[in-house]
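Scroll down for the structure; my scribbles are underneath it.
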Amino acid sequence: MAQLLLPLLAALVLAQAPAALADVLEGDSSEDRAFRVRISGHAPLQGVLGGALTIPCHVHYLRPPPSRRAVLGSPRVKWTFLSGGREAEVLVARGVRVKVNEAYRFRVALPAYPASLTDVSLALSELRPNDSGIYRCEVQHGIDDSSDAVEVKVKGIPSRPHERPVTEIWMASLGSGTMVWWTRMTSMMSTVMLKT
């Protein structure tokens, strides 16, 4: 009887080895994790130049979510952008406090957060060619953290003015002479303001 159970037990252990090995390599086991972050959709996510794109990211609790009293505060949500071997913060949020990288100001938001602590999707508008790259969503709550990443590709050349970003249209309408005048006026105004 023991001779029959031993090969069966060995086969069962070997079948579970890849999942256990992945947990060990990640430095975490599923029993220890409180939640897991997942970006849904088929990679790469496609966006159109000048358009908008939402990167769907959700927090899946593996145990019942902690009560507000058990873990003080909201989870910290951090979105980063990786391109050309460099990583840059896009947005960091905890509760109603949000810090946005200047390059993404007025172009990114977390539409459902903090009202929903499980939906930390990133909405990105006025897409630019340099928005193509890898976006990573990292959530930290208490001592637990998890992250996931997805590639985003921005394609296309907008042919109609309403598809182009507003700032690009405004800059094109100024012309070079107006831009020079604007630069001189703002520098003179700054000088006057510093003297008073």
Side-chain angles (χ1 to χ4, degrees), residues 19-20 22-83 86-156 162-163 165-167:
D23 286 338
V24 167
L25 291 176
E26 262 185 33
D28 215 354
S29 71
S30 59
E31 293 92 32
D32 294 339
R33 291 185 190 162
F35 60 88
R36 184 171 283 178
V37 171
R38 287 292 172 245
I39 294 176
S40 56
H42 299 291
L45 297 178
Q46 303 286 329
V48 177
L49 192 62
L53 175 71
T54 298
I55 305 173
C57 184
H58 295 89
V59 178
H60 301 280
Y61 282 93
L62 304 174
R63 298 190 294 247
S67 69
R68 289 277 184 188
R69 284 177 267 158
V71 177
L72 297 176
S74 298
R76 176 181 165 266
V77 178
K78 179 179 176 183
W79 278 93
T80 54
F81 174 70
L82 298 109
S83 182
R86 293 187 162 190
E87 182 174 15
E89 277 185 4
V90 173
L91 175 145
V92 179
R94 183 184 303 261
V96 295
R97 295 185 329 179
V98 179
K99 180 180 133 190
V100 178
N101 181 321
E102 192 63 36
Y104 293 92
R105 187 169 298 270
F106 306 117
R107 297 194 316 118
V108 295
L110 299 175
Y113 182 85
S116 169
L117 300 180
T118 58
D119 186 354
V120 293
S121 301
L122 180 73
L124 184 59
S125 62
E126 295 185 21
L127 291 172
R128 302 172 181 171
N130 58 350
D131 287 334
S132 292
I134 297 173
Y135 287 80
R136 183 166 61 105
C137 175
E138 179 184 352
V139 176
Q140 181 183 32
H141 201 177
I143 61 170
D144 295 309
D145 68 335
S146 181
S147 67
D148 198 9
V150 69
E151 182 181 9
V152 170
K153 288 187 178 180
V154 178
K155 294 184 178 183
H162 69 275
E163 292 178 341
V166 175
T167 52

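Just so we're clear, the structure is a prediction, and the values are computed from it rather than from any experiment. Heavy-atom basis, side chains included; hydrogens, waters and symmetry copies ignored.
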For the backbone of [Y] and the side chain of [X], can you confirm whether one donor and one acceptor N or O come within less than 3.5 Å of each other?
X: Trp79; Y: Val120; result: yes
X: Ser74; Y: Arg94; result: no
X: Ser121; Y: Cys57; result: yes

Tell me the closest heavy-atom pair linking [X] and [Y], and the distance in Å.
X: Glu138; Y: Asp145; answer: OE2-OD2, 3.9 Å
X: Ala149; Y: Ile134; answer: CB-CG2, 3.9 Å
X: Ala103; Y: Arg128; answer: O-NH1, 3.6 Å
X: Arg136; Y: Leu82; answer: CB-CD1, 4.1 Å
X: Asp148; Y: Ile39; answer: OD2-N, 2.8 Å
X: Ala43; Y: Val150; answer: CB-CG2, 3.9 Å

Gap between atom [atom2] of [Y] and atom [atom1] of [X] - 0.5 Å precision:
X: Leu53; Y: Glu126; atom1: CG; atom2: CD; result: 14.0 Å
X: Glu89; Y: Thr80; atom1: CD; atom2: OG1; result: 8.0 Å
X: Leu110; Y: Leu91; atom1: CG; atom2: CG; result: 4.5 Å
X: Gln46; Y: Lys155; atom1: CD; atom2: NZ; result: 4.5 Å
X: Arg38; Y: His58; atom1: CZ; atom2: NE2; result: 13.5 Å

(request) Check the angle between the aromatic planes of Phe35 and His141 and answer parallel, tilted or perpendicular using the 30° and 60° thresholds. (result) tilted
(request) Could I get the full list of ring pair (Phe, Tyr, Trp, His ring centres under 6.0 Å) partners for Tyr113, not counting sequence neighbours? (result)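 Testing Tyr113 for ring pair (Phe, Tyr, Trp, His ring centres under 6.0 Å), a comparison that skips the adjacent residues, returns none.
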Is any side-chain heavy atom of [X] closer than 4.5 Å to a side-chain heavy atom of [Y]?
X: Leu45; Y: Ile55; result: yes
X: Pro75; Y: Leu117; result: yes
X: Val108; Y: Leu124; result: yes

(request) Verify side-chain contact (heavy atoms from CB on, under 4.5 Å) between Asn101 and Val90, making sure each step is shown before the conclusion. (result) CA-CA 5 Å; Asn101 181 321; Val90 173; 5.5 Å; no
(request) Can you sort out the partners of Arg107 under salt bridge (Lys or Arg N to Asp or Glu O under 4.0 Å), two or more places apart, ordered by chain and number? (result)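 Asp131.
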(message) The test is side-chain contact (heavy atoms from CB on, under 4.5 Å); show your working for Ser132 and Val154 and say whether it passes.
(response) CA-CA 5 Å; Ser132 292; Val154 178; 3.6 Å; yes
(request) Sequence neighbours left out, what passes side-chain contact (heavy atoms from CB on, under 4.5 Å) with Ser83? Give chain and number order. (result)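 Residues passing side-chain contact (heavy atoms from CB on, under 4.5 Å) with Ser83: Phe81.
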(request) For side-chain contact (heavy atoms from CB on, under 4.5 Å), just list the numbers for Val92 and Arg76, CA-CA rounded to whole Å, side-chain angles, deciding distance to a tenth of an Å, and then say yes or no. (result) CA-CA 7 Å; Val92 179; Arg76 176 181 165 266; 4.0 Å; yes
